[in-house]
Amino acid sequence: MRASSLHSGRPTARTGPRGAPPPSRLRVCLAVDLCAQQYGGRVRCLGLIPAGPSGATHSSSNSNSRHSSTRGVCRASAESSTAARSSPVIIATKEEDTIAAIVTGASQGSVSIIRLSGTDALATASRVFRPGGKFKFGWVPEDHKVHYGTAVDGDERAIDEVLLLSMASPRSYTCEDVVEIHTHGGGVCSKRVLQACIEAGARPARPGEFTLRAFLNGRLDLSQAESVLSLLESRTAAAADSALAGLRDGVGQAVSDMRDDCIALLAELEARLDFDEDMPAMDTARLSASVDGLQQRIEAALRTARQGSLLRQGLQIAIVGRPNVGKSSLLNAWTRTNRAIVTEIAGTTRDVLEAGLVVGGVPVTLLDTAGIRQSSDLVEQMGVERSRGAAAAADIVIMVIDGQAGWTPADAEIFTALWGDGPGTRSCAVKGLSLLVANKHDLAKGSAAGGTGGDGHGRTASNGNGNGSSSSGGVPTGSSGSTSGSGSESEEWTGGMEVERWPPAGSAAAAPSHGDAAAESGASSSGGGGGGGGGGLRATGELLLPVMCRETFGQVVYTSATTREGLDSLDAGVLRLVGAPQLAAGGISWAVNERQAEALVRAHEALMRCRESVRQELPIDFWTIDLREAVLVLGEVSGDEVTEQILDSVFSRFCIGK
Amino acid sequence: MRDGRIGSSTPNDWRREEWTTTHMCAASHDGGAPSSDAPTPSTSGSNTGPDVLVSSSSARSGSGSEWHVEDDYDVIVVGAGHAGCEAALASARQGCKTMLLTLSLDKIAWQPCNPAVGGPAKSQLVHEVDAMGGEIGKMADRCYLQKRVLNASKGPAVWALRAQTDKVAYSQTMRHVLEAEPNLEIREGMAVSLEIGKNDEVTGVRTFFGITFACRAAVLTTGTFMNGTIWVGRQSMPAGRAGEAASTGLTEALQGMGYELDRLKTGTPARVDRRSINFSALEEQPGDPDERWFSYDERVHVPLEQVSCHLTHTTAETHRLIRDNLKETPIYGGWVDFQGPALLSGPRYCPSIEDKIVRFADKQSHQIFLEPESRSTPEIYVQGFSTGLPERLQLALLRTLPGLEQAKMLRPAYAVEYDYLPAHQCHNTLETKRHSGLFFSGQLNGTTGYEEAAAQGLLAGMNAGRRAQGLELVALTRDSSYLGTLVDDLVTKDLREPYRMLTSRSEYRLLLRSDNADQRLTPLGRELGLVNDERWGMFQAKNARLEVERTRLRATRVLDDHPVALETATVSGQAVQRSSTLEDLLRRPHLHYDVLERNGMGAEGLSRWEKEAVEIDIKYAGFIARQTRQLGQVQAKAGRKIPDDLDYAAVATLSLEAREKLAKVRPRDIGQASRMGGVSPADVSALLVHLEVARRRAEAAEKAEVGASHAEVVVTAKAAAAARSLEKAAVGGAAP
């Protein structure tokens with residue numbers, strides 16, 4: 001239903017014998033189109049341009065298949081309305097300027113595309129484009145066909161050899177007349193052609209202006225607009241996929257379904273106000289159960305909020321540790337670069353180094369810091385100071401220790417410097433989550449007999465295995481620990497989204513666990529045991545750690561930067577730590593944004609009050625008040641109720657009027 | 001709260017005087033003497049003077065070709081049913097010289113269907129009309145046979161008072177009320193057309209026998225009479241009600257004036273003779289021992305001896321008889337030639353007995369109520385037993401009901417089909433959009449029920465009076481009243497069946513309770529000149545009493561060993577704090593004011609319903625506050641005005657259906673647009689965006705005029721901000 005306005009710009013009588021394609025598929029077409037533009041790859045389903053390098057790396061096989069199916073849809077719609085040109089079409093942006101911009105981004109592709117959109121797009125383009133072949137007087141490009149020719153400047157001097165594609169209103173991205181000129185890449189040609197277009201009468205497009213016009217002309221409705229904007233702002237493929245899922249029918253549809261169920265409940269109650277005698281006796285228990293069910297669905301939707309904000313905002317991860325434990329090697333291995341200089345000399349890294357990578361779709365900024373130690377070197381001292389700052393500000397602090405050497409007094413010193421008396425205490429400088437990496441694991445393996453071998457998955461040792469029995473013998477329990485660990489992991493990936501309950505290494509319990517209740521209870525009993533044991537060392541899988549340290553680090557991951565071993569576990573560990581373990585499995589789904597989450601919380605509260613009214617046996621009319629509130633609020637999320645907020649959020653990102 | 005600004009709140013005396021003078025001159029024509037200066041239209045209805053005669057039916061009604069302007073009125077009300085009477089009174093009470101034109105002087109305020117007033121949602125309408133100075137509440141209080149409170153368990157917003165009334169006494173009493181009203185004349189006659197002036201304003205009403213009454217405003221309340229046809233089985237005859245001639249001609253006249261008309265159908269069950277019923281076998285349903293009242297006017301609170309209703313039920317034999325004869329019913333026999341599927345079945349909330357039996361086949365029996373119609377006649381109304389079966393089967397069917405084995409039928413069940421005017425042709429003041437001074441109200445607008453009619457009548461009559469006086473018209477909003485909800489629904493929605501007020505039609509019903517109707521509307525009624533000094537005095541005295549009581553409840557503290565605290569703890573099952581105010585105690589669920597009274601903490605001098613009103617405000621304050629907040633949120637969006645001249649055809653983003661519907665209804669604001677059928681949420685979004693873009697463009701244009709350079713700076717700043725926000729997030733994308 002939200003897609004209806006995609007069509008509404010065009011009188012339906014004109015859609016021809018085959019009819020218009022289903023709106024939802026059109027929406028996909030549009031979204032994929034946007035996606036493709038974002039990545040500078042595929043363009044307009046025409047196969048003219050080879051996928052650029054960045055496009056190739058990001059697109060999953062999934063999105064490829066979507067592409068091919070979309071292509072079919074596009075073609076079908078093109079054939080079905082070839083007569084569109086002659087009919088009058090109402091275009092909301094008719095009076096606006098014709099705009100032009102290079103739409104292929106800054107990447108060094110072999111081809112650049114300039115898009116002109118607006119009432120005068122064709123006229124403007126014809127001042128710039130000269131078709132190849134014999135000169136024909138009054139030549140106009142055939143609609144939705146590609147033409148070869150030359151771009152010329154105001155003095156009729158050729159400036160590039162180009163392809164021209166004209167798409168007449170309304171069958172274009174903006175619903176206006178659109179002309180695209182494909183120039184040679186490299187920046188210079190496209191800039192000169194764009195300049196020629198501007199001299200010929202077009203105005204440079206403002207950011208997002210093509211999308212704005214598409215929106216104003218009804219190609220997108222208001223509730224989709226938000227998803228489109230997130231799509232445009234996506235920084236990784238996963239974020240784009242998530243926004244895309246939201247655009248297609250994710251959040252809106254799911255919430256719309258909840259709203260419909262609320263309305264059904266409300267309708268039943270209201271019918272009873274007027275026609276009670278005609279209806280079967282009221283089943284209060286069933287009604288309460290329906291309300292409970294709705295609350296649970298809202299809770300489930302709310303859990304995706306975490307994933308959504310992760311995908312949008314990304315993570316900042318600081319790597320800390322004493323010198324020469326392999327922090328920079330880890331950064332290089334993890335990012336598959338040689339970003340950091342690695343030597344045998346302790347204290348090689350002096351400044352904070354930044355590198356970007358993508359973990360499960362989450363854009364991550366990795367900060368490699370100077371090894372923390374007492375140093376008389378002024379430069380190194382400053383570096384250490386910066387390390388502290390980076391650690392304090394990061395979302396996650398990964399402390400790297402030498403897996404071979406185990407927990408050393410130097411590590412303990414750093415730990416105290418950064419974490420003080422543990423997370424949550426005043427002396428703790430680290431505000432984010434904490435993860436411990438035992439690097440140089442390949443070397444450590446020799447000394448730790450009975451290790452579980454190269455099973456990367458199992459390398460994430462779980463602190464919360466069972467009831468703390470692992471503390472007894474130290475070494476041999478490693479395998480059992482990892483088995484139970486992987487068991488609870490798979491459970492989490494399918495059903496568990498206990499993200500909010502993930503203790504950021506908090507609680508008196510030996511916090512670490514995989515978040516599911518059983519493991520947590522196991523963890524707490526192990527924590528109790530730990531408390532009894534005082535400050536002595538405890539075995540965690542293969543590593544002996546002080547209690548405080550075990551309580552602080554949610555996970556211990558064993559890696560080897562040199563053999564690249566354990567990096568998958570690191571990915572999974574990070575995602576689990578931030579409460580989005582499903583991302584590791586590639587389970588991208590729609591996610592609610594902040595505004596939606598806020599509304600869902602309000603809907604949840606309203607349903608809670610409704611339950612309370614039922615419990616207090618208040619008259620049924622009172623149940624309807626909070627149920628109606630829930631309907632209204634859910635409507636804000638599903639787009640069934642338009643709020644000023646949505647309008648504002650859309651208009652605040654675009655500017656309208658001149 | 002309302003559209004128009006209310007003018008002076010001073011009494012209308014000066015105006016009344018002025019009008020009286022005018023009327024005295026005009027009154028010289030009284031007596032029907034032929035007047036040489038009256039316009040003499042030709043039978044073809046051509047233009048014969050300054051007034052354009054709009055009458056396509058003048059030829060048909062032309063027993064005489066002479067037209068006489070007889071008298072001059074401010075307001076003429078056509079029809080003396082429940083809408084017409086309220087309209088006439090509302091107009092006359094404002095001081096307007098008013099004429100009530102009726103087909104029969106003997107059937108004023110007749111109750112042709114169930115003689116009952118009130119019931120769910122309808123009782124709220126009655127309270128509201130009363131609060132604004134209308135008559136229906138007082139009428140029901142004066143003429144009741146029994147009263148009961150319905151829905152007592154569903155919450156204070158849903159409680160409903162229902163009165164069975166004496167239809168004979170009701171009609172007579174209303175006639176006395178009308179006759180006693182200064183400024184009001186009653187006249188028998190059939191209106192056949194309207195006179196329209198140069199500026200599309202109403203200037204007169206013409207009757208079948210050739211008289212033209214000049215007026216400044218006219219209210220049409222023709223009920224089921226316009227081209228009415230009644231049906232019993234397959235037999236039909238033209239009639240407005242059983243035994244009364246239909247009104248013809250007006251439909252065609254209105255069509256000639258450009259109005260769209262449609263048909264609706266409704267029905268009424270058989271009446272049986274009380275003396276032929278064996279009541280001893282039936283369950284008695286007496287009235288409530290302690291009556292409540294519709295009117296806030298204490299002077300009509302005079303208890304009457306109550307008459308019981310009785311309860312019977314359908315039997316296996318009833319069901320068999322109906323199943324065997326389904327082919328004889330209009331719907332299941334498939335022989336009706338009514339237009340449209342809705343007409344086949346009549347209103348959904350008044351299903352015929354055959355409908356109930358077919359649709360709820362597993363139900364062994366249905367309740368049937370036997371309700372008295374008057375103290376002075378033996379007619380008994382058989383509620384729940386309306387049918388489309390032919391007369392010959394109806395008696396047999398009635399006799400299958402326990403207690404009615406020997407029943408004598410006084411009148412068969414019949415259905416009536418009539419013309420109505422889809423009310424989207426009216427503003428929410430009930431004035432037509434096409435002609436100034438012309439108002440439609442009552443069943444003519446597609447409603448059903450005396451209460452709905454009376455409510456519209458009050459609004460139409462009040463506005464007709466204001467139009468005649470040159471004052472701004474007044475509309476009531478949805479959140480002000482059920483009356484406002486009713487009218488808003490009527491002018492907004494497509495009807496498929498007669499419109500009945502239901503509790504669930506109001507989203508704000510907790511705010512629109514029967515106990516606060518006077519708080520909501522009496523001040524408005526006073527401002528409009530409908531509430532007289534006596535009533536206003538009563539209202540103010542009541543408010544003062546309530547205020548004193550609220551203060552007392554807030555200020556009075558009791559300790560937890562006080563008897564009232566102990567009983568509170570017992571009733572609510574929760575301990576009471578060491579020291580609580582009476583207000584705290586009343587806030588608890590299931591604890592009512594009588595607990596205070598039993599323990600000597602009640603108040604003196606308050607009526608039962610006043611105590612109840614105080615308790616409701618306290619107990620449900622949280623809910624009331626939430627609904628008020630909801631209302632505010634909805635209004636913020638819904639209140640956005642849509643320009644009257646918006647070209648919907650040019651809004652590209654609207655669906656075709658929405659464009660068509662919106663152009664037809666021309667909603668006032670986004671809220672009304674969103675309530676229309678055929679306008680989806682996506683369309684509402686599109687409309688909002690369109691308005692917002694238009695607003696921003698206009699704003700930008702204005703700025704550009706003020707100073708081009710200044711505007712430039714603003715836009716650049718905006719663009720830069722937008723660019724920054726995109727840039728921040730974008731990794732490799734340019735402007736897509």
Side-chain angles (χ1 to χ4, degrees), chain A residues 1-2 4-5 8-9 11-12 34 37-38 40 54 90-92 101-107 205-211 216-218 221-223 232-233 235 270-271 273-275 616-622 625-626 628-629 632 639-644 647 651 653-658, chain B residues 120-121 151 153-155 157-158 349 367 502-504 507 509-510 589-590 620 623 626-627 630 633-634 636-637 649-656 680-686 688-690 692-693 696-697 699-701 704 711 715 718-719 722-723 725-727 729-736:
Chain A
M1 97 248 81
R2 284 176 304 121
S4 60
S5 61
S8 55
T12 44
L34 280 167
Q37 286 168 11
Q38 183 63 34
S54 59
I90 311 160
I91 296 294
I102 301 168
V103 292
T104 37
S107 60
R206 290 187 286 256
E209 200 169 5
F210 291 114
T211 304
L216 292 179
N217 286 323
D221 71 28
L222 201 48
S223 55
L232 291 176
E233 294 170 1
R235 287 156 64 191
E270 300 218 322
L273 295 178
D274 291 306
F275 305 109
Q616 287 191 359
E617 295 171 10
L618 290 179
I620 59 170
D621 189 33
F622 290 106
I625 290 171
D626 292 307
R628 180 183 302 279
E629 172 88 27
L632 287 174
D640 294 307
E641 298 272 344
V642 181
T643 63
E644 294 288 327
L647 272 182
F651 283 106
R653 296 203 234 185
F654 296 129
C655 39
I656 291 187
K658 283 163 268 179
Chain B
N151 284 340
S153 67
K154 290 180 191 168
V158 195
Y349 42 76
Q367 281 191 333
L502 300 172
T503 320
S504 51
E507 327 56 332
R509 56 182 168 268
L510 192 59
H590 310 299
Y620 303 117
F623 286 96
R626 286 213 288 287
Q627 192 156 79
Q630 251 176 44
Q633 284 163 358
V634 171
K637 177 185 86 178
V651 183
T653 42
L654 287 172
S655 72
L656 277 188
S680 69
D683 292 320
V684 175
S685 314
L688 272 173
V689 171
H690 180 87
E692 181 65 16
V693 171
R696 282 170 192 253
R697 280 186 183 151
E699 214 173 59
V715 171
K718 268 187 182 172
S725 74
L726 278 173
E727 228 168 66
V731 166

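Nothing here was measured: the structure is a model prediction, and the numbers come from that model. Residue numbering restarts at 1 for every chain, and letters A, B, ... go by the order of the sequence lines.
The distance from the NZ atom of B/Lys154 to the CZ atom of A/Phe622 is 14.0 Å, given to the nearest 0.5 Å.
Looking only at side-chain heavy atoms (C-beta outward), A/Pro619 and B/Val158 stay at 4.5 Å or farther from each other. Between A/Ile625 and B/Gln630 there is a side-chain heavy-atom pair separated by less than 4.5 Å.
In terms of the salt bridge (Lys or Arg N to Asp or Glu O under 4.0 Å) criterion, A/Glu629 has no residue partners (sequence neighbours excluded).
Under a 3.5 Å cut-off, the side chain of B/His590 and the backbone N or O of A/Gln616 do form a donor-acceptor pair.
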Begin from the C-alpha positions of A/Leu273 and B/Arg509 and carry the test side chain to side chain contact (heavy atoms under 4.5 Å, CB included) through to its verdict.
CA-CA 11 Å; A/Leu273 295 178; B/Arg509 56 182 168 268; 3.4 Å; yes
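If you measure heavy-atom distances from B/Ser153 to chain A, the contacts under 4.5 Å come from the backbone alone.
Considering only heavy-atom pairs separated by less than 4.5 Å from chain A, the leading option among B/Pro589, B/Gly155, B/Ser504 is B/Ser504.
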